[in-house]
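The structure appears right after this line, and notes come after that.
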Amino acid sequence: MSKTPVLASFRRIVVKVGSSLLVDSSAGKLKRDWLASLAADIANLHKDGRDVLVVSSGAIAMGRSVLKLPKGALRLEESQAAAAVGQIELARSWSEALGAHRIVAGQVLVTLGDTEERRRYLNARETIDKLMQWRSIPVINENDTVATNEIRYGDNDRLAARVATMVSADLLVLLSDIDGLYDKPPSEPGGKLVPLVPRITPEIEAMAGTSGSELSRGGMLTKIEAGKIATTAGTHMVIASGRVAHPLDAIAKGVSCTWFLTPANPVTARKKWIAGSLEPRGALVIDAGAVRALRSGKSLLPAGVIKIEGVFGRGDAVVVRGPDGAEIGRGLVAYDADDAEKIKGQSSSEVLLILGYEGRTEMIHRDDLVLGGE
Ligand code: GLU
């Protein structure tokens, strides 16, 4: 029997907040007290040394309120313009709410390509990583003002799942206007809450139904989609009610909610994705010392690389070979083939001098590397 996880056991947590939790559409304003209670919960986790990232919806809803737009569907350019107004307010509110706990917030607005194209994915991840090293809290949303219908996530549930997997978070919390998944679609009465989903099966998907709330785009369906993205890549997920004050504290105290578990060996799932789903474009031959370093869990540094083969771009999948030519593993390389050629065998401090720009410290980051037998 799978066990329900405890919040305290996670070290990197992405918290997604739905629009209807943040914006009181009838009063036309932000729910400041609730936001303050959530910020206090986040500050507690942060103080304990955990990394917390926020994915906050509410730009369009907030913009509607500020602009006093009438109820009803907005055209694309109207929601884009509303988001421009709402996002600035949203960012300010987060900055104030976290600032009250002496935490610095950093706004990150992403478009679909930032997680779907590998080069941009690596780039976005570096930026977010840096914010976290500085102990600031990234507050992330889709860049709704420039996202068009064809190239958008559209819902922040899947966006949050993509972000969570991008930063190798171990938990994604979806705070919603409902407290979890019910065993009947929300449109049917008498459903019971499902506390634990060890695996997302077709039966689980059928429970999701199709509905969403008026303010947000995501219903249970996009939450299940988010669950698939997150759990396959090794991130647990929990759907819980944000209709209470201190919603994260409530989860920590065991409030009823729905947990989605990762497969038995989550690391393998993410590694499988790297090893299996991408076409290697080239190879890096590394020395015996680097082989040992990799096997003991380290990243691959330029210093350990002795030969570059093939033509690849930054973020492409490459094969890693030992000095005898045998495949050690595969990974996503942080430099293109030309630059890799220039910096192979060099110490990290030389890289800046050689390339004229400060690149990544690693040739392949540990998170982007899968070794044979893992
Ligand atoms: N990005 C949208 C906003 O900030 C929200 C999308 C969603 O509701 O999931 O308004």
Side-chain angles (χ1 to χ4, degrees), residues 14-25 28-31 34-35 38 53-69 71-95 97 105-116 124 138-164 166 172-178 186 208-230 237 239-243:
V14 174
V15 181
K16 183 260 172 177
V17 185
S19 301
S20 60
L21 299 175
L22 272 173
V23 182
D24 181 344
S25 54
K29 56 182 194 202
L30 203 84
K31 297 181 186 168
W34 182 81
L35 176 58
L38 172 60
L53 300 90
V54 172
V55 172
S56 178
S57 303
I60 298 172
M62 196 61 226
R64 283 186 91 122
S65 295
V66 174
L67 293 160
K68 301 197 171 40
L69 300 180
K71 274 186 184 271
L74 296 177
R75 290 206 306 270
L76 176 63
E77 69 277 13
E78 290 171 334
S79 48
Q80 288 181 313
V85 172
Q87 182 62 36
I88 207 165
E89 176 70 11
L90 198 61
R92 190 171 62 81
S93 307
W94 273 108
S95 165
Q107 175 182 255
V108 181
L109 297 180
V110 292
T111 43
L112 192 63
D114 293 316
T115 56
E116 303 314 291
V139 178
I140 302 159
N141 195 1
E142 179 157 21
N143 194 348
D144 292 309
T145 296
V146 297
T148 58
N149 273 341
E150 304 76 48
I151 49 151
R152 68 184 311 152
Y153 304 91
D155 67 89
N156 275 6
D157 295 324
R158 289 177 311 136
L159 165 63
R162 284 299 202 194
V163 166
M166 177 199 272
L172 167 62
V173 180
L174 298 183
L175 292 178
S176 168
D177 47 7
I178 43 172
T210 51
S211 76
S213 75
E214 195 209 326
L215 280 178
S216 76
R217 291 162 199 275
M220 196 43 81
L221 213 57
T222 57
K223 292 183 175 47
I224 300 294
E225 285 303 315
K228 284 195 221 162
I229 295 168
M237 186 176 96
I239 302 176
S241 173
R243 288 197 173 278

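Whatever order the structure lists them in is the order used to number ligands and atoms, beginning at 1.
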Exercise. State whether the shortest distance between N or O atoms of Ala61 and N or O atoms of ligand 1 falls below 3.5 angstrom.
Key: no
Practice problem: Please indicate whether any nitrogen or oxygen in Ser56 is less than 3.5 Å from any nitrogen or oxygen in ligand 1. | Solution: no
Quiz item: Is there a donor-acceptor contact under 3.5 Å from the side chain of Thr145 to the main chain of Ala84?
Solution: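 A pair under 3.5 Å: yes.
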Quiz item: Are the side chain of Gln107 and the backbone of Pro138 linked by a donor-acceptor contact shorter than 3.5 Å?
Solution: no
Exercise. Return yes when Ala83 approaches ligand 1 closer than 4.0 angstrom through a heavy atom, no otherwise.
Key: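 Flag not set, Ala83 not near ligand 1.
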Quiz item: Should we say atom CD1 of Ile88 is surrounded by more than 12 heavy atoms from elsewhere, each under 6.0 Å from it?
Solution: no
Quiz prompt | Residues Lys31 and Asp24 bridged, charged N to O under 4.0 Å | solution = no
Quiz item: Counting only heavy atoms, which portion of Asp144 has something under 4.0 Å from ligand 1: side chain, backbone, both, or neither?
Solution: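 Contact part for Asp144 vs ligand 1: side chain (C-beta onward).
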Quiz item: Which ligand 1 atoms, with their elements, are less than 4.0 angstrom from a heavy-atom of Asn141?
Solution: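 The list of qualifying atoms is 1 (N), 3 (C), 4 (O).
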Quiz item: Side chains of Ser79 and Asp144: does their closest heavy-atom pair fall under 4.5 Å?
Solution: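 Sidechains of Asp144 and Ser79: no contact.
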